[in-house]
Each structure stands twice: as C-alpha cells, then as structure tokens.
S.K.: 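Below are the structure tokens for one structure; questions will follow.
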Amino acid sequence: DSETFNVGNIKVFGTDDTDAFHMDLYQTQIKMETFYVNDGGNKINAVVEFDFWGGDGKLRLRKAFVEFKHWQIGQNWNNFGDEELWPDIMEWEGPPSGTWLRTPHIKYFNTFKDKSWVYEMSLEAPITNYDSFGDLEPLVEEANQITPDLTFAIKKNYDWGHIRLSSVLRNVRYKYAGEIGNFIGYGASFSGIYKKSRGIFQYQLIAGKGITAYMASVAGLGFDGCPNTNFDISATPATGGWMSYEYYFTKKLHGNVVIGTSIYAFENMERFIVLEGEEDSLTVLDGDFDNFHYYGLFNIMYDPFDRMTIGVELDYGAKKIEMNGYVDNQFINQSKARDAMRISFGFMFFF
C-alpha cells in the first residue's frame with residue numbers, strides 16, 4: 001500500500017511487480033488537551049486528537065476522552081494493547097502482530113500498596129468493521145455485536161521501563177448462511193520496554209483465539225472466526241510477536257531494527273474459496289488455511305535540532321499461505337509465498 005506497509009495485504013497470487021513512488025502528509029496529527037481542577041482539588045484531563053487518514057486527506061478522530069481520578073471515559077488506545085510501546089519508525093502500520101487499536105471504552109485504573117504496580121480493567125466497544133469473508137467463505141457476513149469486550153491488565157513499573165501482562169475476553173457474533181452464530185474469543189499479551197544508556201528495547205508477544213481483530217496486519221477483515229466442518233463457527237487461533245531495538249550512536253544520530261511475525265489458522269473449514277485472479281477461483285472443501293506474516297525493517301535517523309527528525313528506512317515483508325483440502329474429491333496440499341519491499345524517506349516535527 002502507499003500509506004502503510006501492511007504485510008497482510010501482500011497478494012500472494014498476484015504478479016504485479018511494478019515500481020511506485022508516493023508522498024503524503026496524512027500522518028500529521030493535531031492534538032488539543034486541557035485540564036480542570038474542581039473545588040475538591042481533583043484534576044480532570046480532556047484530550048481530543050485528529051489525523052488526516054479519513055480518506056483523501058480528510059480528518060479522522062484518533063482520541064476523545066476525559067480522565068479523572070481512576071477513570072478514563074471516551075476513545076483512546078485499547079487496553080489490550082500497550083500504549084507506551086511504538087518503535088521509532090517511519091512506516092505507519094507497525095509489525096503484523098502489533099496491537100494499536102483505539103476504541104471507545106470505560107476504563108478503571110489504580111495501584112496496589114506498592115505504587116509501582118498498576119492494574120487496569122475496561123469495557124471496550126466491540127470491533128464491528130468486518131469486511132465480508134469474500135476470499136474465503138462468501139456465506140459469512142457481519143452481524144451486530146451485543147456485548148462489549150472485557151480487558152484486564154497489570155503493569156510493573158521500573159526505573160528502566162516496565163513489563164505488562166494484558167488479557168481480553170470477547171463474545172463475537174457472525175451471520176452465517178443467514179443465521180446468527182457466536183463464539184468466545186480470548187487472548188493474552190506480554191509486553192515491555194527497557195531503556196538504558198543509549199539503547200531502547202521494546203517487545204510484545206500475543207496469543208489467543210478470536211483476536212485477529214486486534215492484530216495490525218489483519219485488523220478489520222473479520223477473520224476472528226470461520227465456519228467449520230461441524231456447520232458451526234469456531235474462533236481462529238492466532239499468535240505473534242515483535243521486538244525492536246533503538247541505539248543512539250550520538251545525541252543526534254540513532255537507528256532502529258524491528259522484526260515481527262504473526263500466524264493465524266483457519267482449521268477444519270467447511271469450505272473456502274481461493275482467488276487466483278480476477279476470474280479464476282478454486283473452491284476447497286473440508287480443509288485448513290494457514291497464514292504466516294514476516295516483517296522486518298532497518299532505519300537511520302538524524303535530529304538536526306530539537307523536535308526535528310529526518311531519516312531513511314528499509315521495510316521488508318513476506319506473506320505465506322498453506323492450504324489443504326478437497327477439490328473435486330481430490331486432496332490437495334499447496335503453499336504460496338510472496339514478499340514486498342519499500343524504501344521510506346521521512347521527516348517528523350512536533351511542537
């Protein structure tokens with residue numbers, strides 16, 4: 001894609017290798033923040049933030065929330081992710097297993113007697129921007145969600161950073177062949193950041209079932225569940241992880257290395273349709289469809305003065321699918337892979 005480097009969008013059956021050049025400033029963000037101290041001495045914060053990713057450069061709401069005492073109400077980073085993590089990169093998608101959703105929620109947070117321990121729990125708006133299963137099972141459609149996602153997280157703060165464990169529990173509804181079905185999705189994520197001297201190390205591991213909606217490379221595609229051979233819809237198992245390391249060679253020159261992967265599998269599917277071209281398609285019965293995403297980048301950045309960064313970055317990704325099942329009563333076992341690469345040039349300035 002032109003605006004992001006999404007490994008999940010690599011067309012493994014495609015043949016188009018033409019070069020392309022693109023420039024935009026849609027990543028530009030506008031943030032308004034204020035606070036109010038009431039008569040009781042309690043501080044109330046309010047934030048509204050926009051960027052220009054609403055389509056054709058239109059404004060898009062990123063954040064809009066109020067925070068007071070131990071409560072946060074509004075739209076902000078989903079509590080299943082770790083909002084303090086983000087590798088210092090110019091590519092705007094991030095690793096394929098990264099969890100960086102922003103959803104409306106009601107969140108409660110507090111500390112234990114040891115103030116370095118923080119716990120957070122939230123009711124998150126269910127994610128409903130599913131596309132049709134289209135390229136896998138055209139009889140699966142979006143259905144209205146009726147329950148919020150429930151999250152719980154605990155974090156330990158240190159002088160050098162933090163470690164965090166989070167979890168999510170969801171009830172996901174689909175419409176399959178005109179009938180409403182549902183399944184339970186659940187997952188856990190372990191993440192952290194370590195800062196020392198000239199280096200910054202970040203990482204995140206994620207695993208669960210029915211949680212692909214939270215993973216960067218496939219979020220919003222409706223792959224949380226699939227129809228199985230029992231004429232039911234089952235949660236899709238998914239795992240992944242990423243890590244990054246940033247090193248400051250000098251006060252102004254720094255570089256980053258990031259690697260990541262994600263794996264999700266549709267198991268014992270009743271049928272799926274593989275599209276190999278505009279007109280060619282293959283219907284596979286009683287099979288599995290496994291997806292593997294690999295991601296890596298390297299960049300060099302320079303800060304000519306305070307709050308200004310320029311840099312160059314090499315992005316590389318690969319996508320592999322493995323499928324098996326029956327076509328015309330014949331068992332098949334096939335795999336297909338394709339990669340993509342991009343060189344990014346960018347600048348960032350904030351005030």
Side-chain angles (χ1 to χ4, degrees), residues 31 33-47 49 62-88 94-95 97-125 148-170 185-209 211 214-216 239-248 256 258 260:
K31 180 180 181 180
E33 183 173 5
T34 187
F35 69 90
Y36 166 72
V37 180
N38 64 16
D39 294 338
N42 297 312
K43 184 177 180 180
I44 304 172
N45 291 335
V47 173
E49 183 177 297
R62 286 172 54 89
K63 304 175 184 178
F65 66 87
V66 174
E67 188 173 276
F68 57 97
K69 288 189 175 180
H70 303 293
W71 293 91
Q72 184 183 96
I73 301 175
Q75 177 168 302
N76 195 14
W77 298 106
N78 188 287
N79 194 46
F80 183 49
D82 189 336
E83 66 176 284
E84 295 184 40
L85 299 189
W86 178 254
D88 193 3
S97 56
T99 304
W100 292 291
L101 291 175
R102 293 179 297 273
T103 51
H105 62 223
I106 300 174
K107 180 168 74 172
Y108 177 81
F109 56 93
N110 209 335
T111 62
F112 297 100
K113 289 184 178 180
D114 182 348
K115 300 297 183 181
S116 64
W117 286 94
V118 180
Y119 67 91
E120 304 165 297
M121 58 184 70
S122 69
L123 296 176
E124 304 279 348
D149 293 357
L150 174 65
T151 76
F152 179 81
I154 187 168
K155 179 172 69 172
K156 171 66 172 176
N157 290 311
Y158 297 92
D159 293 338
W160 45 260
H162 74 264
I163 57 174
R164 187 174 188 269
L165 179 66
S166 62
S167 60
V168 63
L169 179 67
R170 0 178 23 220
Y186 55 88
S189 175
F190 180 68
S191 58
I193 183 170
Y194 180 81
K195 302 177 182 179
K196 188 175 182 180
S197 184
R198 295 183 176 185
I200 302 174
F201 177 66
Q202 302 180 66
Y203 62 90
Q204 182 181 41
L205 303 173
I206 184 173
K209 285 190 174 183
I211 60 168
Y214 287 89
M215 302 172 72
T239 60
W242 64 271
M243 64 180 65
S244 71
Y245 183 71
E246 180 173 22
Y247 184 77
Y248 278 78
N256 292 267
V258 185

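Residues take their numbers from the sequence shown, with the count starting at 1.
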S.K.: Just wondering, do S189 and Q204 contact through their side chains at under 4.5 Å, heavy atoms?
M.R.: yes
S.K.: Do the rings of W100 and W86 sit parallel, tilted or perpendicular, given the 30° and 60° boundaries?
M.R.: perpendicular
S.K.: Measure the acute angle between the ring planes of F80 and Y214, then classify it against the limits of 30° and 60° as parallel, tilted or perpendicular.
M.R.: perpendicular
S.K.: Using a strict threshold of under 4.0 Å (side-chain N to carboxylate O), is an ion pair present between D82 and K155?
M.R.: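 D82 and K155: not salt-bridged.
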S.K.: In terms of the angle between their ring planes, are F190 and Y203 parallel, tilted or perpendicular, with boundaries placed at 30° and 60°?
M.R.: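 Ring orientation of F190 relative to Y203: tilted.
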S.K.: Could you check whether any side-chain heavy atom of E49 comes within less than 4.5 Å of a side-chain heavy atom of E33, counting everything from C-beta outward?
M.R.: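 Side chain of E49 against side chain of E33, heavy atoms only: no contact under 4.5 Å found.
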S.K.: Should we count CE of M121 as having more than 12 external heavy atoms under 6.0 Å?
M.R.: yes
S.K.: Tell me which one of F68, W71, F152 satisfies ring-ring contact (aromatic ring centres under 6.0 Å, His included) with Y108.
M.R.: W71
S.K.: I want to check something: taking the side chain as every heavy atom from C-beta on, are N78 and H105 in contact at a cut-off of under 4.5 Å?
M.R.: no
S.K.: Could you check whether atom CZ of F35 has more than 12 heavy atoms from other residues, nucleotides or ligands sitting under 6.0 Å from it?
M.R.: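 Open.
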S.K.: Would one find more than 12 heavy atoms of other residues, nucleotides or ligands at under 6.0 Å from atom NZ of K209?
M.R.: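 At most 12 heavy atoms, drawn from other residues, nucleotides or ligands, come within 6.0 Å of this atom.
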S.K.: Identify whether the distance between the nearest side-chain nitrogen and carboxylate oxygen of E84 and R164 falls below 4.0 Å.
M.R.: no
S.K.: Grab the two heavy atoms, one from H162 and one from W160, that are nearest each other, plus how far apart they are.
M.R.: N-CZ3, 4.0 Å
S.K.: When you compare the side chain of V47 with that of E67, does any pair of heavy atoms fall below 4.5 Å?
M.R.: no
